[in-house]
Amino acid sequence: MRRWNGWGDETLRFPAPQPALAFLETALGPGTPPRDAALGDLVSQVPSTRLTRGVLLQTDPEVRLRHSLGQSLPDWVALRFGRVPAFPDAVAFPESDADVRDLLRFAAWAGARVVPYGGGTSVVGHLTPPAGEAPVLTVDMGRMSRMARLDETSGLATFGAGVVGPYLEAQLRARGFTLGHYPQSFDYSTLGGWVATRSSGQQSAHYGRIERLFAGGRMESPAGPLDLPVFPASAAGPDLREMVLGSEGRLGIITEATVRVRRMPEHEAFFGVFFPDWTSGMQAVRAMVQAGLPLSMARLNTAEETRTSLLLAGKPRLTALLRRYLSFRHIGEEGCLAILGVTGHPVHCKTARAEALAAARERGGLDVGGTAGRAWRKNRFRAPYLRNSLWEAGFAVDTLETALPWSRIPAALEALEGVLRSGLEPYGEAVHVMSHLSHVYPDGASLYTTYLFRLADPETTMERWRALKGMASRAVVESGGTISHQHGVGTDHAPYLAAEKGPLGMAALGAVMKTFDPEGLMNPGKLVL
Ligand SMILES: Cc1cc2nc3c(=O)[nH]c(=O)nc-3n(C[C@H](O)[C@H](O)[C@H](O)COP(=O)(O)OP(=O)(O)OC[C@H]3O[C@@H](n4cnc5c(N)ncnc54)[C@H](O)[C@@H]3O)c2cc1C
């Protein structure tokens with residue numbers, strides 16, 4: 001069963017190792033574990049529904065509670081402290097396009113606002129039911145999850161948009177294919193959610209981001225259906241897929257998506273390289289990607305993220321051995337760990353690995369072999385469970401991300417981490433900050449920052465989070481980065497969108513919304529305020 005007020009399966013626990021907790025207590029002060037609200041208490045807060053007459057609707061209070069929020073820090077604060085601001089009036093589970101059309105017609109008739117719901121893994125406030133007089137209908141796409149077609153000749157697979165990562169891969173693998181899209185939320189997030197938020201999988205260097213994988217499909221909107229035919233390429237004017245990608249439920253409900261799939265790779269491996277410092281690591285991964293090395297992943301941690309990850313790995317004896325070896329090779333506490341991946345034909349993988357290691361050696365990089373890579377692979381979808389354990393120890397964890405040209409990354413990292421690190425000084429509190437490059441491109445990279453601070457009562461925690469999020473978002477904008485490389489805009493980033501789209505761009509977005517959704521029913525307040 002999925003956990004209702006945190007991440008993952010409620011039967012799985014990954015406790016934070018004691019040395020990591022001791023480190024955080026030293027850095028931030030002792031954490032005070034908060035007392036969680038009980039599920040029953042929250043269920044009893046769910047008000048009577050304002051949608052009483054529709055077919056396909058579930059109005060059970062627990063179902064409504066479980067669809068009331070996503071996974072952002074404000075969402076966690078609301079659920080854990082029992083302060084959920086609003087609940088949908090009903091949740092529908094359509095099984096066909098016709099069901100979705102009926103639901104949109106019903107919503108128009110009832111004057112209801114519609115929140116499309118994929119896996120509920122949004123981290124930027126995409127799913128909060130809009131407050132106000134109008135009732136809210138959340139449409140959970142989970143029952144539209146079957147593979148409808150696989151064109152093996154063309155490498156094209158068509159799925160119901162509510163399919164979650166593991167079921168999508170299982171259906172493809174049974175036929176020898178893979179999509180290869182692995183966001184860290186893979187276990188729960190859906191194909192429709194990936195398209196609607198422009199998500200990025202961990203091996204995007206090989207498979208591409210979702211905008212490369214999404215070949216076409218169908219969206220039902222209040223103004224009618226939009227079919228996106230599949231072409232390998234087209235010069236027939238602007239590409240309408242681009243309107244649906246990143247639409248965040250504002251235009252309609254994606255019911256079906258065709259994706260570009262590949263035969264299962266024959267070989268895949270991940271391996272670790274330690275660099276003496278951040279600058280040399282960054283120069284090396286940039287050189288690798290600009291030389292066109294066919295890596296499937298290149299992830300580079302700052303020294304702080306390297307130190308913290310080693311603590312969180314919970315293997316003190318192995319870490320001490322590694323540190324001794326590194327120091328013997330003149331890599332000290334400023335050492336930065338990179339995890340590199342190769343995917344594909346074994347011969348190509350071997351060549352890519354050899355060339356990557358040669359590029360690393362030129363900048364002082366040291367091959368630490370497959371252990372670090374295997375550990376990363378084993379924990380690639382488990383790491384978010386640590387957020388549960390850290391919360392239970394009294395620490396809030398939040399992340400933010402951007403993408404910038406290579407030339408801007410050093411200054412942006414300094415600015416972003418700087419404002420976060422000192423951000424709670426007015427409250428006499430410290431913030432632990434660490435970052436990594438998670439996706440690399442020839443012209444730049446994404447920068448992913450994690451920050452931790454002590455939990456307090458809900459109001460104070462939210463006040464501190466707002467202060468940090470505001471400062472960090474402004475630092476991103478001022479540094480010339482996009483407000484999101486992969487998590488999307490939602491409500492949390494909406495105030496910063498105009499800075500990169502400009503007034504005419506925002507007006508154009510508004511006009512597109514008006515075309516598909518003249519009455520403004522679809523997910524109001526997200527993406528565009
Ligand atoms: C632990 C964790 C790790 C994460 N790691 C990554 C990562 O590695 N890469 C990454 O890109 N993101 C990541 N995310 C963010 C999140 O998983 C992505 O944004 C994901 O694409 C959301 O998919 P979902 O199905 O859960 O959508 P939801 O959260 O349910 O919805 C997100 C938005 O999409 C809209 N939407 C959903 N389905 C549809 C549909 N069928 N039609 C129209 N609109 C729809 C919703 O209305 C909402 O606005 C992570 C989140 C968590 C909690």
Side-chain angles (χ1 to χ4, degrees), residues 2-3 6-8 67 69-73 75-76 88 94 97 100 104 113-130 138-145 159-165 168 181-204 209-211 214 217-221 226 244-257 297 299 380-388 397-401 403 438-439 446 448 450 484-491 493-494 516-517 522-527:
R2 189 159 168 192
R3 193 176 175 138
W7 179 252
H67 287 83
L69 291 164
Q71 288 287 323
S72 70
L73 187 65
D75 295 345
W76 273 46
D97 274 54
V100 174
L104 292 178
R113 305 296 177 251
V114 179
V115 181
Y117 187 100
T121 67
S122 157
V123 280
V124 290
H126 282 118
L127 299 166
T128 314
T138 290
V139 180
D140 182 322
M141 296 299 289
R143 291 193 190 156
M144 293 180 68
S145 61
F159 287 91
V163 63
V164 289
L168 175 144
H181 190 69
Y182 302 112
Q184 203 181 38
S185 57
F186 175 76
D187 283 342
Y188 295 102
S189 53
T190 64
L191 176 55
W194 299 339
V195 172
T197 59
R198 301 185 78 99
S199 70
S200 199
Q202 290 163 337
Q203 285 156 265
S204 65
R209 285 162 59 89
I210 199 68
E211 54 260 39
F214 175 56
R218 174 169 258 243
M219 182 178 76
E220 296 289 347
S221 81
L226 175 74
V244 173
L245 283 156
S247 55
E248 303 194 354
R250 289 297 310 255
L251 304 182
I253 300 184
I254 304 155
T255 52
E256 190 175 89
M297 190 182 84
R299 176 192 161 119
R380 64 191 295 183
F381 305 126
R382 287 188 193 163
Y385 282 88
L386 277 173
R387 206 175 155 201
N388 295 334
V397 185
D398 195 20
T399 61
L400 51 92
E401 33 79 56
S438 55
H439 299 265
S446 71
Y448 189 102
T450 303
S484 176
H485 167 267
Q486 63 197 60
H487 289 161
V489 179
T491 44
H493 294 152
F516 284 95
D517 176 26
M522 300 302 305
N523 211 6
K526 321 296 157 43
L527 183 62

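Just follow the structure's listing: the first ligand is 1, and inside any ligand the first atom is 1. Just so you know, these numbers use all the heavy atoms, side chains as well, and skip hydrogens, waters and symmetry mates.
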Quiz item: Are Glu248 and Arg250 within salt-bridge range, i.e. N to O under 4.0 Å?
Solution: no

Location of contacts on [X] toward ligand 1, heavy atoms closer than 4.0 Å:
X: Leu127; answer: side chain
X: His126; answer: both
X: Tyr188; answer: neither
X: Thr190; answer: both
X: Pro384; answer: side chain
X: Gln71; answer: side chain

Distance filter under 4.0 Å to [X] heavy atoms, resulting ligand 1 atoms:
X: Glu248; answer: 47 (O), 49 (O)
X: Met141; answer: 41 (N)
X: Ser122; answer: 29 (O)
X: Gly193; answer: 21 (O), 23 (O), 24 (P), 25 (O), 27 (O), 37 (C), 38 (N)
X: Gly249; answer: 44 (N), 47 (O)

Tell me whether [X] has any N or O atom under 3.5 angstrom from an N or O of ligand 1.
X: Arg387; result: no
X: Ile253; result: no
X: Gly118; result: yes
X: Val123; result: no
X: Tyr182; result: no
X: Thr121; result: yes
X: Ala196; result: no

Between [options], flag the one that comes closest to [atom] by a heavy atom.
atom: atom 19 (O) of ligand 1; options: Leu527, Thr197, Leu191; value: Thr197
atom: atom 3 (C) of ligand 1; options: Ser185, Gly201, Gly246, Gly488; value: Ser185
atom: atom 11 (O) of ligand 1; options: Ser200, Gly8, Ser72; value: Ser200

May I ask whether [X] has any heavy atom positioned less than 4.0 angstrom from an atom of ligand 1?
X: Asn523; answer: yes
X: Gly252; answer: yes
X: Lys526; answer: no
X: Gly70; answer: no

Practice problem: Mind telling me whether Tyr182 and Phe381 have parallel, tilted or perpendicular rings, with 30° and 60° as the class edges? | Solution: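 It falls in the tilted class, 30° to 60°.
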
Quiz prompt | Closest protein heavy atom (residue, atom, distance) for atom 24 (P) of ligand 1 | solution =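 Minimum-distance protein heavy atom for atom 24 (P) of ligand 1 reads Gly119 N, 3.3 Å.
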
Quiz item: Which residue and non-hydrogen atom of the protein lie closest to atom 28 (P) of ligand 1, and at what distance in Å?
Solution: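 It is Gly120 N, 3.7 Å.
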
Exercise. For Glu401 and His485, work out which heavy atoms get closest and say how close.
Key: OE1-N, 2.8 Å

